[in-house]
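Shown next, in structure tokens, is the structure this report addresses.
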Amino acid sequence: MSATPATLGATAAPAPAGSPRRALWQRPILLAGLLAAAAGFFVPGLIDTPYTLSLLINGVVLGIAAVGIGFLMHQCGFVMFGVAAFIGLPAYLVGIGSAQLGLGLTSAVVFALVGSTAFAALVGALVVRARPLPFAMLTLALAQMLKQVSMLQVMRPITGGDDGLTMSFDGTFLGLTQSALGKAPSFWPLAWAALCLVILIAWVAAHSRFGQVLRATQANEERMRFSGFDTYWPRLAAFTLSSFLVSVSGVLIALNSAYASPELLDFATGGHALTAMIVGGGATALGPLLGAMLYTWGQSAFGATGYLELLTGIAVVVMISAFPKGAMGFVLQIGHRLTGRKGP
Amino acid sequence: MNFSELFSVAQLANALALASLLTILASGLALIFGLRDVMNFGHGALYMLGAYLGYSVGNQFSFWAALVIVPLLLAVLGVGFELAVLRPLQKRSHMDVALVTFGIALIIGPVVHKIWGTAPLSVEPPAALAGSIDFFGTMYPTYRLFLIAVGFGTCLALAAWLKFTRVGMHTRAVSQQPHVARMMGVNTDRLSLLVVCMGTGFAGLAGVLAGPYLSVDPGMGATILISCLIIVVIGGLGSIGGAIAAAVVYGFIQVIGTVLFPSLAVLAPYLLLFFVLLWRPQGFGRGRVS
């Protein structure tokens, strides 16, 4: 039942024309990526203003969520409107794990990631059967529902209700204590490492056979079923993987701020990640990250003028209208033009 | 729990009042979706703008004038929306256009705050509709009865327009089978200009009607938008009849849920969406599945 690349070639990732298809670990892009990843750890040494660094951290955390939903959108054509569900839930779970269950910080983080991913698998089992638009609405409803649950009166002892959940961590995570996690320079390596890992996972998954099956299913599901492929389980796996990647961002938020509030589950939180992903372009693993950086920078610059919402709105409208493939698509187009190679 | 209390006339009317407001909004949303394939995230903001305009026009002239002028103003805004946003972007993906409308909502919000301030404003119903009247043995606010009448009257008129006029038939055709309708010679651009204007006009109407019923505040658009999106999806995308039915069901579930399980009622709409979509992915109506 192995489909040859030729039959799937139309939808597969564009391999450089003329060069034989090389194994993933042999591609030069991976080496460049590793160098960039290593260089990233030295960023706090280059930036001396704490504000810029915390801004960068916000961008990285948002970027992780954006990469997660970008993966799902590009591979399956599913847009997760309710991203906030998988940002807020793990953040709460970190707090619940350390406060209610008395777990150490490392166990609480593992608990949050496993819990959130398991929840995603359960929900996904139902929602990935839906068509893309109902899917978007279902995930949105899910996020709203979690938000309402977190604010219910009966949940107050566990989630803190409207006031949110202030956490105090027990022990350390990868050698970082609560106060170290709250400081930008010591938190940076963790956030950066998480980002690199998330991008690597998304990139490898997209370039694997799994990604090919997903894209082919998106292009023509019926035909894939005719050809003997199962179309349900790969989608469920993609949804779960994407939710896991988004959960990483939720856990980082909880670790950094030691606080979770119903706002994390709000549509607006998901809106940030969604907008960042679309502005950056979902077609590549790096596009959402670029979008997140632009978005965070924009929020800070617009916030300074006092017209945050207005300027954000204008920027979103302009960016999406002007760059159909996102900022990353635009950068790639320029790159292809400069090197004289025909773009994908 | 006393069931006679649960199904009292007042509860029934409350459910209908909420439903009529939602119906007007959701049918506008469904119209725009049917023609342009766009989930208009700006609909809540247009509704809010309508409510604020209704407040101002109502103070300047009268509530009745607002009821006529504001929908017309919003319809004019709809012309701009169709020509400047929807038409140039019609080849783009759903998500792109949806986010652009979301961006427009972000723009409308601060503009409204700038003009009217952020404090909630209250609107008095006109003198003729103030107070309560005896309604099947229950004293019930007159304005809510008026709201129900106007809401469902508008929807009936819309349904009749869709069912019995040629343009209405074209609208239904494009909503269900855009390509076939275009092949059969329906000018979708001209049609969608009309229909988008109607959709935004309806948002304005709902805003004016909401003024005396709820209060006029900056958060009103965002709150109701999600309800409307849920209704449109439950009703079946592009199906206006389905949207009306879904709005009524939604209103009942909301109001009865508040009486029966006050603490869990906030979850009811989402559970409704989950159950309906899992049981019938195409929703109530005969809209297309997309």
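Just so it is clear, the structure is predicted and the values come from calculations on it, not from any experiment. Quick note on labels: first sequence line is chain A, next is B, and so on, each numbered from 1.
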Against chain B, residues from residues 261-283 of chain A with at least one heavy atom under 4.5 Å, in numeric order, are A:F267, A:L274, A:T275, A:I278
Using 0.5 Å steps for rounding, measure from the OG atom of B:S227 to the CD atom of A:Q144.
9.0 Å
Looking only at heavy atoms, the pair that brings B:D96 and A:P324 closest together is OD2-O, 3.9 Å
Decide side-chain contact (heavy atoms from CB on, under 4.5 Å) for B:Y270 and A:L142; before the verdict, give the C-alpha distance in whole Å, the side-chain angles of both, and the deciding distance to 0.1 Å.
CA-CA 7 Å; B:Y270 310 114; A:L142 177 75; over 6 Å; no
Residues A:S321 and B:V100: closest non-hydrogen pair is OG-CG2, 4.4 Å
The reported gap from CD1 in B:I226 to CE in A:M137 (rounded to nearest 0.5 angstrom) is 7.5 Å
What do you reckon, is CZ of A:F330 surrounded by more than 12 foreign heavy atoms closer than 6.0 Å?
no
Which atoms of B:V266 come close to chain A, meaning under 4.5 Å heavy atom to heavy atom: side chain ones, backbone ones, both, or neither?
both
Those residues of residues 148-156 of chain A that come under 4.5 Å of chain B on a heavy-atom basis, listed by number, are A:Q148, A:V149, A:L152
Approximate separation, where rounding is to 0.5 Å, of A:F81 CZ and B:F41 CZ
4.0 Å
Do any of residues 121-130 of chain A have a heavy atom less than 4.5 Å from a heavy atom of chain B, and if so, which, in residue order?
A:L126, A:V127
Please flag which part of B:I107 lies under 4.5 Å from any non-hydrogen atom of chain A: side chain, backbone, both or neither.
both
Count the heavy-atom pairs under 4.5 Å between each of B:V111, B:I108, B:L229, B:I230 and chain A, then report the option with the highest count.
B:L229
A:Y232, OH: over 12 other non-hydrogen atoms inside 6.0 angstrom:
yes
Please examine the side chains of A:L138 and B:F274, heavy atoms only from C-beta on, and report whether any two atoms are closer than 4.5 Å.
yes
Chain B heavy atoms under 4.5 Å from A:F323: which part of the residue, side chain, backbone, both or neither?
backbone
Whatever's closer than 4.5 Å to a heavy atom in chain A on B:K114 counts as side chain
On a heavy-atom basis, which atom in B:L271 and which in A:M145 lie closest, and how many Å separate them?
CD2-SD, 3.8 Å
Would you name the heavy atoms of A:I320 and B:L99 that are closest together and state the gap between them?
CD1-CB, 3.5 Å
Could you tell me which residues in residues 305-315 of chain A have at least one non-hydrogen atom under 4.5 Å from a non-hydrogen atom of chain B, sorted by residue number?
A:Y307, A:E309, A:L310, A:T312, A:G313, A:I314
